[in-house]
Amino acid sequence: DTGVSQDPRHKITKRGQNVTFRCDPISEHNRLYWYRQTLGQGPEFLTYFQNEAQLEKSRLLSDRFSAERPKGSFSTLEIQRTEQGDSAMYLCASSRPLPETQYFGPGTRLLVL
Amino acid sequence: AQSVTQLDSQVPVFEEAPVELRCNYSSSVSVYLFWYVQYPNQGLQLLLKYLSGSTLVKGINGFEAEFNKSQTSFHLRKPSVHISDTAEYFCAVGANNQGGKLIFGQGTELSVKP
């Protein structure tokens, strides 16, 4: 069991640039989630996939954010025209069908200058 | 909609003392509940979960929690803490009608002092 992996672990970018993060879930998990965590807060839900279908998006996910899971395996989260308010830890989690445990990756810490 | 309140933002405690981290939730439907631990600059690690059945659940590292439906609580306890338990602890609630997403509390920082 290799666990959930995320790449990169850290990203520093300038305001206005685009960034893309990758998440590789546990292989037999068909559900994949993205959360955002700002300093001193609990994670907040962004979106989730069941296989390749994106089933729900939070209103936190503005039109600058897009997520994909093209083959139902890994997922990418892209942020276009980054803003300083996008600075946060972006967490990915995966699970089997409900009501199973979500297993989290180590996160990608984004800093927008 | 579901919500979670962690009643203490910081809990300082001496090593080998007992500790309780409090979590209350609100929901109009059946829920399942989790406690996760987060060490600095890391992701979340599952401590324990309540899906159904016995209301007293035991987790890793000697932690346990009790699901109390009437009081809508899921408090986390450990009879004797270690320095290595110093971390941020998050309570989370999920429900079948919210598509599997988890709603997290704001976290409790547990600080164990020698």
Side-chain angles (χ1 to χ4, degrees), chain A residues 1 3-10 21 23-26 29-51 53-61 88-111, chain B residues 1-10 21 23-25 27 29-53 57 59-60 65 67 74 76 87-109:
Chain A
D1 180 4
V4 178
S5 61
Q6 292 186 246
D7 184 69
R9 294 290 308 276
H10 304 272
F21 309 142
C23 171
D24 287 89
I26 294 171
H29 288 180
N30 68 339
R31 287 194 167 221
L32 187 148
Y33 306 81
W34 286 99
Y35 293 83
R36 181 172 69 187
Q37 184 180 24
T38 53
L39 206 59
Q41 301 295 318
E44 295 176 293
F45 169 78
L46 292 178
T47 188
Y48 88 94
F49 294 83
Q50 179 165 296
N51 300 313
Q54 188 174 18
L55 296 187
E56 186 175 350
K57 293 191 291 186
S58 163
R59 53 188 166 80
L60 292 175
L61 212 66
M89 173 83 91
Y90 290 84
L91 294 164
C92 176
S94 70
S95 77
R96 294 189 178 94
L98 297 179
E100 280 293 337
T101 301
Q102 292 182 27
Y103 293 91
F104 284 80
T108 294
R109 184 170 294 282
L110 173 66
L111 177 61
Chain B
Q2 287 74 35
S3 67
V4 177
T5 302
Q6 291 184 240
L7 298 163
D8 307 291
S9 59
Q10 293 180 320
L21 306 185
C23 173
N24 285 93
Y25 70 93
S27 176
V29 298
S30 295
V31 297
Y32 37 94
L33 294 149
F34 303 86
W35 274 99
Y36 286 88
V37 59
Q38 187 176 36
Y39 299 99
N41 298 313
Q42 295 188 25
L44 279 69
Q45 179 183 2
L46 179 72
L47 276 178
L48 48 78
K49 61 186 177 184
Y50 171 78
L51 301 181
S52 64
V57 292
I60 63 171
F67 171 60
F74 190 57
L76 180 71
E88 190 87 17
Y89 292 78
F90 292 97
C91 180
V93 63
N96 287 341
N97 74 339
Q98 63 181 32
K101 70 185 179 210
L102 295 180
I103 307 300
F104 285 84
Q106 291 190 310
T108 297
E109 182 182 346

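Note: hydrogens, waters and symmetry copies are ignored here, and every other heavy atom, side chains too, is used. Just so it is clear: chains get the letters A, B, ... in the order the sequence lines come, proteins before strands, and each one is counted from 1.
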Under 3.5 Å, side-chain donor or acceptor atoms of residues 43-53 of chain B against the rest of the protein: list the pairs with distances, not counting sequence neighbours.
from	atom 1	to	atom 2	distance (Å)
B:Lys49	NZ	A:Thr101	OG1	2.9

Correct closest heavy-atom pair for A:Gln102 and B:Tyr36 would be O-OH, 2.6 Å
Contact summary for A:Gln37 and B:Phe90, nearest pair of heavy atoms | NE2-CZ, 3.3 Å
Is [X] in contact with chain B via its backbone, its side chain, both, or neither, using a 4.5 Å heavy-atom distance?
X: A:Gln41; value: both
X: A:Leu55; value: neither
X: A:Glu44; value: neither

Toward chain A, the part of [X] with a non-hydrogen atom under 4.5 Å:
X: B:Gln6; value: neither
X: B:Gln106; value: both
X: B:Ile103; value: neither

Sequence neighbours excluded, the answer for salt bridge (charged side-chain N to carboxylate O under 4.0 Å, His left out) partners of A:Asp7 is none
Does a sphere of radius 6.0 Å around CD1 in B:Ile60 hold more than 12 heavy atoms from other residues, nucleotides or ligands, not counting ones at 6.0 Å or beyond?
-> yes
Nearest 0.5 Å please: distance from the OG1 atom of A:Thr47 over to the NZ atom of B:Lys101.
-> 10.0 Å
